[in-house]
Undergrad: 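Here's a structure for you.
Atoms considered below: every heavy atom in the structure, side chains included; atoms not considered: hydrogens, waters and symmetry mates. The chains referred to below are lettered A, B, ... by the order of the sequence lines, with proteins before strands, and numbering in each begins at 1.
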Amino acid sequence: MNVEHELHHFLQQKFGFTEFKAGQEEVITSLLNNRSTVAILPTGTGKSLCYQFFGEYTKQPVVIISPLLSLMQDQVEQLRLQGEKRVVALNSNLSFQDKRQVLEQLNRYAFIYLAPEMLRNEAVLAALLQLNIGLLVIDEAHCISAWGPDFRPDYLQLGQMRHQLGDPLTLAVTATATKRVLADMTKLLRLPASFKLVQYSVDRPNIFLATEKLPDEQTKKERLLSLLKQLPGPGLIYFSSKKQCDELTELIQQKTSLHVAAYHAGLSFAERYAVQQQFLTGQLDLICATSAFGMGINKTDIRYVIHYHMPQDLENYVQEIGRAGRDGQQSIAIILFNENDRFLQKRLAFNSLPNSDELELYQQSPAALKSASLESESAYLVTRYQQMGISFADMEQIFTQRRTEKLRALQQMLAYVNYPDCKRNFILRYFDEERVVKHQQNCCQLGEESYDLQQIFANVDQVTNNLPKNTPPSRDYRQVLQKLFRDD
DNA sequence: CGGCAAGAATTTATATTCTTGCCGGTGCAATAAT
């Protein structure tokens, strides 16, 4: 039996699938050839199967770096449902005793999930070193570039951690990456130059792209309500402010008959989990959310994603609209834009980084830095950079450069909103794809011309692609909640 | 970093100009107190 047949046979036996989805076989083969791999695959193509397959096939332990506790939880649950019990999420949800026990017997697990922050724990690193890691996986690897520099600095340390673990075979997976983000990932992970890149287009042809410019807030609200009355659901609205997210949720409740809930980091873990489950099971028509919502959400029938505020950059935009239409059916992405929105994003971008006054203060007074780092995000960042051995002079340079990059990305986002020609091609160019698509009727709105919702959704069945229709298993979320948070 | 609304100030004003405060996304781990 040749290798290809053997892989298919194993896929059927172990996972019950007859075919690999796009990219999976290429990734698995590359890993089996002992080549570290970066996989940029569209959402819904089963990225996790790649490393699950590798682990089961080679019978070697797989360590997965995951950005969110909820993501780890989902994956662990899914693996257990598939019958794989040797799986653990090594995180702060574990009690001290449980954690110690897991660390003592780490070699009993085939799949170990953890957040990058956990690698700072020496006991954890030591236990991982005892293991013969077959594969190190960086899930949602764009976080390295998007979150590392100013939000979760431990992402910057992954390369060094990887080295300390003996430079194991590595797989980095994400749905979107420009050339710049890809370069960040390979550099920060210190991947060997021989790494293999498996990349598919970011284009999602079944998502119509629209932007509307509105003169003021009042008009924007009215337009939003009128859209909600016309659009087929379920849907998602993104905000860049928790306050406005809450306000609009209430307004929608008052003015429409839609079942709607808000989702943002101001809510407790339990509340967020409940909202998410109600959305997945169809009890909610619509979620108003901040960027907290989305990663790891597997709902296939989202018909529209509206941006009440445009995001900071096109990377985020493509991630967020990519949550629509995973079933391949016609969907739509709409940005409602008001000129003042640009300042909101500018503020957010600038605020996340320490400015030179702050840096100077902290440099002169370590005591001020210490007391501030408990509350201020940027002071904490400075502390972490110091721990990484980065000087104040270098920090100033790094932060300045980062600010410039963020500003440039925001300019591109604005250019997209204002772009009078085919927006799909704008996105393809931004993501450095050579390919140019032919503008079609159901592609995007051009310039200021209006678009016809009825026409867009008229011939739903003509739009097809090979994305799977995998509805999540229905379950009572209250039970899961109880299990997860016994003391809530 | 910039707009905006509310309120204060202003050459005694029912109108304009100036000032102030407000607006603001994403999460890990670990600690401390029960």
Undergrad: For A/Met295 and B/dG27, give me the distance from atom CE to atom C1', rounded to whole Å.
TA: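 About 9 Å, once rounded to whole Å.
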Undergrad: Would the distance check show the side chain of A/Arg162 and the main-chain N or O of A/Pro168 forming a donor-acceptor pair, the cut-off being under 3.5 Å?
TA: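 Present.
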Undergrad: Please tell me which of the listed nucleotides, B/dT26, B/dC28, B/dG25, lies nearest to the side chain of A/Ala115?
TA: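 Nearest nucleotide to the side chain: B/dC28.
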Undergrad: Remember a base hit wins even if backbone is also touched, and classify A/His264 as base, sugar-phosphate or nothing at under 4.0 Å, heavy atoms.
TA: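 Here A/His264 touches the backbone only, sparing every base.
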Undergrad: Should A/Ser92 be listed as having a side-chain N or O under 4.0 Å from OP1 or OP2 of B/dA29?
TA: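 A/Ser92 to B/dA29 OP1/OP2: side-chain N or O found under 4.0 Å.
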Undergrad: Is it true that a side-chain atom of A/Arg86 and a backbone atom of A/Pro61 form a donor plus acceptor pair closer than 3.5 Å?
TA: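 Side chain of A/Arg86 to backbone of A/Pro61: no pair is present.
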Undergrad: Between B/dG27 atom P and A/Met72 atom CE, what is the distance in whole Å?
TA: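 About 13 Å, once rounded to whole Å.
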Undergrad: In whole angstrom, what separates A/Phe96's CZ from B/dA29's C1'?
TA: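 In whole Å, B/dA29 C1' lies 14 Å from A/Phe96 CZ.
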Undergrad: Using a 4.0 Å heavy-atom cut-off, does A/Asn351 contact any base of the nucleic acid, only the sugar-phosphate backbone, or nothing at all?
TA: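 Since a base atom lies under 4.0 Å of A/Asn351, the category is base.
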Undergrad: Taking OP1 and OP2 of B/dG25, is either one under 4.0 Å from a side-chain nitrogen or oxygen of A/Ser240?
TA: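 Answer is no, no contact under 4.0 Å.
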Undergrad: Tell me yes or no: between the side chains of A/Tyr113 and A/Gln73, is some donor less than 3.5 Å from an acceptor?
TA: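 The criterion, which ignores hydrogens and geometry beyond distance, is not satisfied for A/Gln73 and A/Tyr113.
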Undergrad: Give the ring-plane orientation class for A/Phe279 versus A/Phe293, where under 30° counts as parallel, over 60° as perpendicular and anything between as tilted.
TA: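 Ring orientation, 0 to 90° scale: perpendicular.
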Undergrad: Tell me the partner of B/dA33, counting only Watson-Crick (N1-N3 plus N6-O4 or O6-N4) or G-U wobble (N1-O2 and O6-N3) with both under 3.5 Å; none if nothing fits.
TA: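 Base partner found: none.
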Undergrad: Which of the following nucleotides, B/dC1, B/dA29, B/dG3, is nearest to the side chain of A/Asn340?
TA: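 Selected nucleotide: B/dG3.
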Undergrad: In terms of the nearest nucleotide of DNA chain B, which residue is placed more toward the 5' end: A/Glu377 or A/Phe343?
TA: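 Its nearest nucleotide being more 5', the pick is A/Phe343.
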Undergrad: Counting only side-chain heavy atoms from C-beta out, which of B/dT26, B/dC23, B/dG25 sits nearest to A/Leu348?
TA: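 So the nucleotide nearest the side chain must be B/dG25.
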Undergrad: Where does the angle between the aromatic ring planes of A/Tyr416 and A/Tyr317 fall among parallel (under 30°), tilted (30 to 60°) and perpendicular (over 60°)?
TA: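 Geometry flag for A/Tyr317 against A/Tyr416: tilted rings.
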Undergrad: Which nucleotide, B/dG27, B/dT26, B/dC23, lies nearest any side-chain atom of A/Lys243?
TA: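 For the A/Lys243 side chain, the nearest candidate turns out to be B/dC23.
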Undergrad: Between B/dG7 and B/dC28, how many Å separate the two C1' atoms, rounded to a whole number?
TA: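 My reading of the C1' atoms in B/dG7 and B/dC28 gives 43 Å.
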Undergrad: Given the C1' atoms of B/dT10 and B/dT14, what is the spacing between them in whole Å?
TA: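 That atom pair is separated by 13 Å.
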Undergrad: Taking the C1' atom in each of B/dA13 and B/dC18, what is the distance between them to the nearest angstrom?
TA: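 Comparing C1' positions in B/dA13 and B/dC18 gives a spacing of 15 Å.
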Undergrad: Expressed as a whole number of angstroms, how long is the span from A/Glu320:CD to B/dT26:P?
TA: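 Rounded to whole Å, this separation is 11 Å.
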Undergrad: Please state whether the phosphate of B/dT26, meaning OP1 or OP2, lies under 4.0 angstrom from any side-chain nitrogen or oxygen of A/Lys242.
TA: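 So the side-chain polar atoms of A/Lys242 do come within 4.0 Å of the phosphate oxygens OP1 or OP2 of B/dT26, strictly under.
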Undergrad: From the set B/dG27, B/dG24, B/dG25, return the single nucleotide nearest to any side-chain atom of A/Ser291.
TA: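 That would be B/dG25.
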Undergrad: Taking 4.0 Å as the cut-off, does a side-chain nitrogen or oxygen of A/Thr290 come that near to OP1 or OP2 on B/dT26?
TA: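 For B/dT26, OP1/OP2 do have a side-chain N/O of A/Thr290 under 4.0 Å.
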Undergrad: Quote, to the nearest angstrom, the C1' distance that separates B/dG27 from B/dA8.
TA: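 After rounding to an integer number of Å, I get 43 Å for this pair.
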Undergrad: So what does A/Pro67 touch, heavy atoms closer than 4.0 Å: a base, only the sugar-phosphate, or nothing?
TA: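 Result for A/Pro67 = sugar-phosphate.
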Undergrad: Using atom CZ of A/Phe151 as one end and atom C1' of B/dG25 as the other, report the distance to the nearest whole Å.
TA: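 Answer to the nearest Å: 8 Å.
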Undergrad: Between B/dG27, B/dA29, B/dT26, which one does the side chain of A/Arg272 approach most closely?
TA: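 That would be B/dG27.
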Undergrad: Hunt down the Watson-Crick or G-U wobble partner of B/dC1, both distances under 3.5 Å, from any strand shown, or write none.
TA: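 Looking at the geometry, B/dC1 pairs with no nucleotide.
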Undergrad: Can you name the nearest heavy-atom pair linking A/Arg402 to A/Ala146, along with the distance?
TA: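 Smallest interatomic distance, heavy atoms only, reads NH2-O, 3.3 Å.
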Undergrad: Distance between the C1' atoms of B/dA15 and B/dT11, in whole angstroms?
TA: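 Going atom to atom, C1' in each nucleotide, I get 15 Å.
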Undergrad: So what does A/Gln312 touch, heavy atoms closer than 4.0 Å: a base, only the sugar-phosphate, or nothing?
TA: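 Base: the residue A/Gln312, judged by heavy atoms under 4.0 Å, touches a nucleobase.
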Undergrad: Tell me what A/Asn91 touches on the nucleic acid: a base, only sugar-phosphate, or nothing, going by heavy atoms under 4.0 Å.
TA: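 It contacts sugar-phosphate atoms only.
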Undergrad: To the nearest Å, how far apart are A/Phe269 CZ and B/dA29 C1'?
TA: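 In whole Å, B/dA29 C1' lies 14 Å from A/Phe269 CZ.
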Undergrad: Of the options B/dG2, B/dG25, B/dC28, whose atoms approach the side-chain atoms of A/Arg347 most closely?
TA: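 Nearest nucleotide to the side chain: B/dG2.
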Undergrad: Just the rounded figure in Å: distance from C1' of B/dT26 to CZ of A/Phe239.
TA: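 After rounding, the gap between these two atoms is 17 Å.
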Undergrad: Return the pairing partner of B/dA6 with a 3.5 Å limit on both distances, Watson-Crick or G-U wobble; otherwise return none.
TA: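 B/dA6 is paired, partner B/dT19.
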Undergrad: Tell me the interatomic distance from A/Glu315, atom CD, to B/dT26, atom C1', rounded to whole angstroms.
TA: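 In whole Å, B/dT26 C1' and A/Glu315 CD are 15 Å from each other.
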Undergrad: Run through A/Asp203, A/Val318, A/Thr176 and flag the one making a side-chain contact (heavy atoms from CB on, under 4.5 Å) with A/Ile427.
TA: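 Passing option: A/Val318.
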Undergrad: Among B/dT26, B/dC28, B/dC23, which nucleotide sits nearest the side chain of A/Trp147?
TA: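 Among the listed nucleotides, the one closest to the side chain of A/Trp147 is B/dT26.
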Undergrad: For B/dG24, give the paired nucleotide (Watson-Crick: N1-N3 plus N6-O4 or O6-N4; G-U: N1-O2 and O6-N3; both under 3.5 Å), or none.
TA: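 Because no pair has both required distances under 3.5 Å, B/dG24 counts as unpaired.
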Undergrad: Between B/dG24 and B/dA5, how far apart are the two P atoms, rounded to whole Å?
TA: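 So the two P atoms sit 15 Å from each other.
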Undergrad: Both distances below 3.5 Å, Watson-Crick or wobble geometry, any strand: find the nucleotide opposite B/dT14.
TA: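 Check on B/dT14: unpaired, no WC or wobble geometry under 3.5 Å.
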Undergrad: So that I know where these two stand, are A/Tyr385 and A/Phe399 an aromatic pair - ring centroids less than 6.0 Å apart?
TA: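 For A/Tyr385 and A/Phe399, the ring centres are under 6.0 Å apart.
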Undergrad: Within the structure, does a side-chain N or O atom of A/Asn121 lie under 4.0 Å from either OP1 or OP2 of B/dA30?
TA: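 Checking B/dA30 against A/Asn121, a side-chain N or O does come within under 4.0 Å of OP1 or OP2.
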